[in-house]
Trainee: 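One structure follows; several queries about it will come next.
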Amino acid sequence: MHIEMLTIVVQEGYADQVAARFTAPAAVEKAEGFVDLTVMAKRPSKGEQEVIVMIRWASEAHWKAWEVSEPHLEGHRRERENGKPPFVIGSKSAVYAVKAAKVAPEAV
């Protein structure tokens, strides 16, 4: 399992707009090896709010294939052309390899 975490800091009150953007139907859902996508919002603090987007991939190879795919690159081209929304303060991305996980017995 491979996980990409996007951390987006927005002005307070805009977390729902970020969540809507990432949960709308998109090409990533059709990408081979895509497992799921979760959007989490931290409680607002000092006029800002942190939104975490967690995208799980079946493997690092699947994630790498998505990163160089035309749908992914096209999305980034559109973002550069349109610019970031004015409510976005900053963002960063990190990628993790899952080393261990536990599942509740009733979930198996």
Side-chain angles (χ1 to χ4, degrees):
M1 182 80 58
H2 209 70
I3 297 177
E4 180 178 12
M5 301 286 283
L6 305 170
T7 303
I8 305 164
V9 179
V10 298
Q11 295 171 6
E12 184 175 348
Y14 286 93
D16 288 343
Q17 285 186 335
V18 174
R21 178 176 171 255
F22 279 95
T23 55
V28 70
E29 299 162 31
K30 298 176 185 133
E32 186 176 341
F34 171 80
V35 175
D36 62 21
L37 183 148
T38 303
V39 180
M40 301 164 276
K42 190 175 181 180
R43 279 191 236 136
S45 173
K46 300 177 187 172
E48 298 179 352
Q49 193 164 17
E50 187 176 270
V51 179
I52 306 276
V53 180
M54 180 177 71
I55 307 168
R56 295 191 316 155
W57 295 93
S59 70
E60 181 178 9
H62 287 108
W63 169 75
K64 284 182 176 181
W66 167 251
E67 286 292 301
V68 297
S69 71
E70 187 52 37
H72 182 252
L73 297 174
E74 176 59 30
H76 281 282
R77 281 193 287 273
R78 276 194 313 274
E79 285 178 10
R80 280 193 302 276
E81 290 170 5
N82 298 333
K84 69 178 182 177
F87 56 82
V88 173
I89 297 168
S91 64
K92 64 181 179 177
S93 175
V95 179
Y96 301 87
V98 176
K99 298 296 183 182
K102 287 188 177 186
V103 178
E106 60 273 3
V108 177

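The structure presented is a predicted model; accordingly, all values stated were derived computationally and were not measured.
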Trainee: Considering only heavy atoms from C-beta outward, does the side chain of H2 approach that of H62 to under 4.5 Å?
Mentor: no
Trainee: Is a side-chain donor or acceptor of H72 paired with a backbone partner of E67 at a separation under 3.5 angstrom?
Mentor: yes
Trainee: Would you indicate whether R77, at its atom CZ, is surrounded by more than 12 heavy atoms from other residues, nucleotides or ligands within a distance under 6.0 Å?
Mentor: yes
Trainee: Please round to the nearest 0.5 Å and tell me the distance separating atom CG of L37 and atom CZ of R56.
Mentor: 10.5 Å
Trainee: Is Y14 linked to I52 within one hydrophobic cluster, defined over Ile, Leu, Val, Met, Phe, Trp and Tyr using a side-chain heavy-atom separation of less than 4.5 Å?
Mentor: no
Trainee: Can you confirm whether K84 sits close enough to E79 that some side-chain heavy atom of one is under 4.5 Å from a side-chain heavy atom of the other?
Mentor: no
Trainee: Regarding E50 and T7, do their side chains bring together a donor and an acceptor under 3.5 Å, going by distance alone?
Mentor: no
Trainee: At their closest point, which heavy atom of L6 faces which heavy atom of F22, and how far apart are they?
Mentor: CD1-CE2, 3.8 Å
Trainee: Mind listing the closest non-hydrogen atom pair of V10 and A15 along with its distance?
Mentor: CG2-N, 4.0 Å
Trainee: Would you please test I55 and W63 for side-chain contact (heavy atoms from CB on, under 4.5 Å) and show each step?
Mentor: CA-CA 9 Å; I55 307 168; W63 169 75; over 6 Å; no
Trainee: With a 4.5 Å cut-off on side-chain heavy atoms, are V9 and V88 touching?
Mentor: no
Trainee: Could you tell me whether the side chain of M40 reaches within less than 4.5 Å of the side chain of T38, counting heavy atoms only?
Mentor: yes
Trainee: In this structure, would V68 and W66 fall into the same cluster of hydrophobic residues linked by side-chain contacts under 4.5 Å?
Mentor: no
Trainee: In plain terms, say whether K42 and E12 are close enough for a salt bridge, that is, a side-chain N and a carboxylate O under 4.0 Å apart.
Mentor: no
Trainee: With a 4.5 Å limit on heavy-atom distance, are the side chains of M5 and S93 in contact?
Mentor: no
Trainee: Quick one: pull up NE2 in H76 and CZ in R80 and give me the separation to the nearest 0.5 Å.
Mentor: 8.0 Å
Trainee: Assess whether a salt bridge exists between R78 and E74, defined as any Lys/Arg side-chain N lying under 4.0 Å from an Asp/Glu carboxylate O.
Mentor: yes
Trainee: Locate the shortest heavy-atom distance separating Q49 from G13; write the atom from each residue and the value.
Mentor: OE1-N, 3.7 Å
Trainee: Any chain of hydrophobic side-chain contacts (each under 4.5 Å) joining V95 to W57?
Mentor: yes
Trainee: When you measure from the side chain of E29 to the backbone of A26, do you find a donor-acceptor pair of N or O atoms at a distance under 3.5 Å?
Mentor: yes
Trainee: Indicate if I89 and V39 have the same hydrophobic cluster label, given that clusters are the connected sets of ILVMFWY residues with side-chain heavy-atom separations under 4.5 angstrom.
Mentor: no
Trainee: Applying the 4.5 Å side-chain criterion to the ILVMFWY set and letting contacts propagate, would F34 and M1 be lumped into a single cluster?
Mentor: no
